[in-house]
Amino acid sequence: MDFSFDNSTKTSSGNVRFSGVSSGINSQQIIDSIISARRIQVNQIEDKISLNDQRVSAIDQLQGLTKNFAASMDVLRGANSFFVDDVFDNKLAFTSSRATASAPAGHTSSAAESILSVTVDDSAVAGSHTVEVVQIAKAQQIRSDAFASKTDSLSSQGYPTGDFEINGRNITVNGSDSLLDLRDKINAVNSGANATGVSASVVSVSPTESYLLLSSDETGLSNTITFGGDQSIHNALGLTGAGTDNAKTVIQNAQNAIIRVDNLGVDVVRESNTIDDVFSGATIDLFRAEENTEIVVDIENDLNSVKAGIVDFINAYNELKSFIEDQQSEVVREEGGEPEFGVLAFDSTLRSLESRLSQVVSSIVPGVDDGYASLGQIGVSIEDDFTLAVDDGTLDNALLNNLDSVRKLFGFDFSTSDSRVSVISVGPNSAYTVDGSDVPEPYYLNIAGTDANGDLTDANFVTSAGTGNGGAGNNTVSINGKNMTILPDSNADGLKLFFNGDPNLGPVDDIEVTFTRGVADRLYNFFNDFSKTGGEADSLKLNLLEQNDDYETDISRIDSRLDLQRKNLEARFIAMETAMFQLNSLKESLSQQISAMAGGDN
């Protein structure tokens, strides 16, 4: 950069250049003005770069808001594939205690949480059950006779050496082994594929009295500790009774858990205190037994999670809607500035997003139960500022009275007449129709058969029963093993199905496939495609950044050209100054000569 002081200029190289010495013209100022005038196009390009930077920042913010909105819809759109959790299937378990019908008068029941706990997953079925814990499972514990020393060798204490077995694994007692060594050998065989399942420890009552304690790692009768090998060895160690392979001193017997459920009149026996195969989707952990007390287990839909998902959806919608409204409003955006629209106000992408948002509040979902076909019917209303609000009472009543209809309002619902058919996923263009009574109309899947591996040989997907032609292909289904993808020739384009049929099946005709698509499911793909990594938002930002790179290249090229023009102008002015200097010198020389000649004449 150059620094000018009146008619002098200090260049970037440190040299001082004077302008107008001979001509009196401030050439540097003239050159700067010429270059500045010619650099106006650079200023315009820099303004474009600044605007693009602002647009990138705004799109980045829009992408984040859209991503949050898509995520909120993903929670509510239901189990539209094998791999998606459904918040509407979330369950909770509540427990309480009471005396059984046969309990003696005056029986006081302990708190339910002190007797057992229940956890449930999405596969649990809502309902009420009772559990009475008659007996909890226990692991066997036995001890040896007392040893005088835990560190002295066993042989020095009069114990024999040799081999014996615990649960089929051999333990060798050497002459130099102490009680602590024996403990370690027993623990060493409790590892690997054939682990004994028995852990050993040494308990010292005093310096001259120690015991070897053996504990089964698992509860239940089948995990009773067994002994074998040289009977005299485990007899001598005091682990078994004389002349037997049976434990001598049992601290705790192995036993199974016994519970009674739903007053069935039969005992449910399990080896573990963790029982997960009595009620579908429920795991019971037993803490202690208490006969004559039954625990009431109520399994319910987790309505709080569903409501939280709906509230998150509304909040995400409002944040996105507010951003769009702000961009499209002419307001003062900088202190002291003039009112102006946002940098995305007239962007087609923003208008497209706004159009899709309007579908959220205006959509009527076809094929959904009467009274649950729109957000307004479950208590979600539009405010004066076009944001959404929820009436808690109306929403709560809808969730309590007809959760399944609320699920259909938001999510993907699928049913089929053949249990061998399941949905893998639904495509963004998968559509359905309803009849005059607003009942979803089924599609009909026709399968030509399966081969020796159970893979499909051919199939079609039609809208009328009896037109499947034995599953002959008609360009509506693409087959890949047991998987089917519905093709664009069908309105269900993109729907993916799985058929789990036996090998070598013949034709299977007219399998009904019916589905509906709620608000969240229909709109999710659009907003997700915009906001996902590598999606439309990223493409828009990348294009703007690439434009800026091109603009920077243009600026660099223009500045290089202007530098050359500056040097040319400076050279021309220097040449002029040189010529003026020479003329002035000649003038002065001639003046001096004329003056001298005039003086001589006098």
Side-chain angles (χ1 to χ4, degrees), residues 133-259 269-275 285-290:
V133 183
V134 178
Q135 176 177 292
I136 64 170
K138 293 181 179 180
Q140 186 183 36
Q141 288 185 321
I142 65 175
R143 70 165 176 83
S144 67
D145 289 340
F147 291 82
S149 172
K150 63 182 179 182
T151 56
D152 292 345
S153 67
L154 294 173
S155 60
S156 68
Q157 299 179 63
Y159 295 97
T161 59
D163 297 336
F164 72 101
E165 294 177 357
I166 294 179
N167 285 359
R169 293 292 299 273
N170 188 74
I171 294 104
T172 299
V173 181
N174 296 318
S176 59
D177 288 339
S178 66
L179 180 60
L180 295 177
D181 294 329
L182 178 58
R183 174 202 63 189
D184 294 341
K185 287 185 174 183
I186 295 173
N187 287 331
V189 295
N190 187 21
S191 62
N194 297 313
T196 60
V198 176
S199 297
S201 60
V202 172
V203 178
S204 296
V205 177
S206 71
T208 58
E209 185 180 356
S210 295
Y211 296 88
L212 181 64
L213 181 66
L214 301 183
S215 303
S216 178
D217 294 339
E218 302 291 339
T219 58
L221 288 174
S222 68
N223 295 304
T224 299
I225 301 171
T226 63
F227 295 91
D230 190 339
Q231 192 178 83
S232 64
I233 303 298
H234 53 74
N235 282 177
L237 294 170
L239 294 170
T240 54
T244 73
D245 291 332
N246 300 322
K248 180 178 182 181
T249 305
V250 178
I251 300 173
Q252 177 173 279
N253 284 311
Q255 66 180 35
N256 292 331
I258 301 174
I259 61 174
V269 180
R270 297 291 186 273
E271 290 194 330
S272 172
N273 289 316
T274 297
I275 303 172
D285 287 300
L286 308 179
F287 304 142
R288 66 184 183 88
E290 186 173 298

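These numbers were taken from a predicted model, which means no experiment stands behind them. Numbering of residues begins at 1 and proceeds along the displayed sequence.
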Novice: Which distance, rounded to the nearest 0.5 Å, do you find between the OG of S210 and the CG of L180?
Specialist: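 Going from the OG atom of S210 to the CG atom of L180 covers 8.0 Å.
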Novice: For the OG atom of S216 and the CG atom of L221, what is their distance to the nearest 0.5 Å?
Specialist: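 Rounded to the nearest 0.5 Å, the OG-CG separation comes out at 10.5 Å.
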Novice: Should I186 and L214 be marked as a side-chain contact (heavy atoms from CB on, under 4.5 Å) after you check the CA-CA gap, both sets of side-chain angles, and the distance that decides it?
Specialist: CA-CA 9 Å; I186 295 173; L214 301 183; 4.0 Å; yes
Novice: Show me the donor-acceptor pairs, under 3.5 Å and distance only, between side chains in residues 135-142 and residues at least two apart or in other chains.
Specialist:
{"from": "Q135", "atom 1": "NE2", "to": "N256", "atom 2": "O", "distance (Å)": "2.6"}
{"from": "Q140", "atom 1": "OE1", "to": "I225", "atom 2": "N", "distance (Å)": "2.7"}
{"from": "Q141", "atom 1": "NE2", "to": "S215", "atom 2": "OG", "distance (Å)": "3.3"}

Novice: Please report the interatomic distance CG(D177) to CG(D184), rounded to the nearest 0.5 Å.
Specialist: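 Between D177 CG and D184 CG, I get 9.5 Å after rounding to 0.5 Å.
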Novice: Looking at residues at least two apart in the chain, or sitting in another chain, which of them share a salt bridge (charged side-chain N to carboxylate O under 4.0 Å, His left out) with K248?
Specialist: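 Partners of K248 under the salt bridge (charged side-chain N to carboxylate O under 4.0 Å, His left out) test: D145.
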Novice: Are any non-hydrogen side-chain atoms of N174 and D181 less than 4.5 angstrom apart?
Specialist: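 They are not in side-chain contact.
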Novice: Without hydrogens or angle criteria, can the side chains of D163 and T172 be said to hold a donor-acceptor pair below 3.5 Å?
Specialist: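 Looking only at side-chain atoms, T172 and D163 do form a donor-acceptor pair, the distance falling under 3.5 Å.
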Novice: Tell me, with the steps shown, if F164 and L237 meet side-chain contact (heavy atoms from CB on, under 4.5 Å).
Specialist: CA-CA 11 Å; F164 72 101; L237 294 170; 3.9 Å; yes
Novice: Looking only at side chains, do S199 and D217 share a donor and an acceptor under 3.5 Å apart?
Specialist: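 A donor-acceptor contact under 3.5 Å links the two side chains.
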Novice: Quick one: pull up CD1 in I171 and CZ in F227 and give me the separation to the nearest 0.5 Å.
Specialist: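 One finds 8.5 Å between CD1 of I171 and CZ of F227.
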Novice: Show your reasoning for whether side-chain contact (heavy atoms from CB on, under 4.5 Å) applies to V133 and F287.
Specialist: CA-CA 9 Å; V133 183; F287 304 142; over 6 Å; no
Novice: Drop me the distance from H234's NE2 to N246's CG, to the nearest 0.5 angstrom.
Specialist: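 Output value for this atom pair is 9.5 Å.
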Novice: Looking at residues at least two apart in the chain, or sitting in another chain, which of them share a salt bridge (charged side-chain N to carboxylate O under 4.0 Å, His left out) with R143?
Specialist: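 Not a single residue meets the salt bridge (charged side-chain N to carboxylate O under 4.0 Å, His left out) criterion with R143.
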Novice: Mind checking whether S149 and L179 have side chains closer than 4.5 Å, heavy atoms only?
Specialist: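 SC-SC contact between S149 and L179 ruled out.
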Novice: Which value, rounded to the nearest 0.5 Å, describes the distance between L239 atom CG and L212 atom CG?
Specialist: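 Answer for the CG-CG pair, L239 versus L212, is 5.5 Å.
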Novice: State, with a plain yes or no, whether a side-chain heavy atom of V173 is found less than 4.5 Å away from one of L154.
Specialist: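 When only atoms from C-beta onward are counted, L154 and V173 do touch, with a gap below 4.5 Å.
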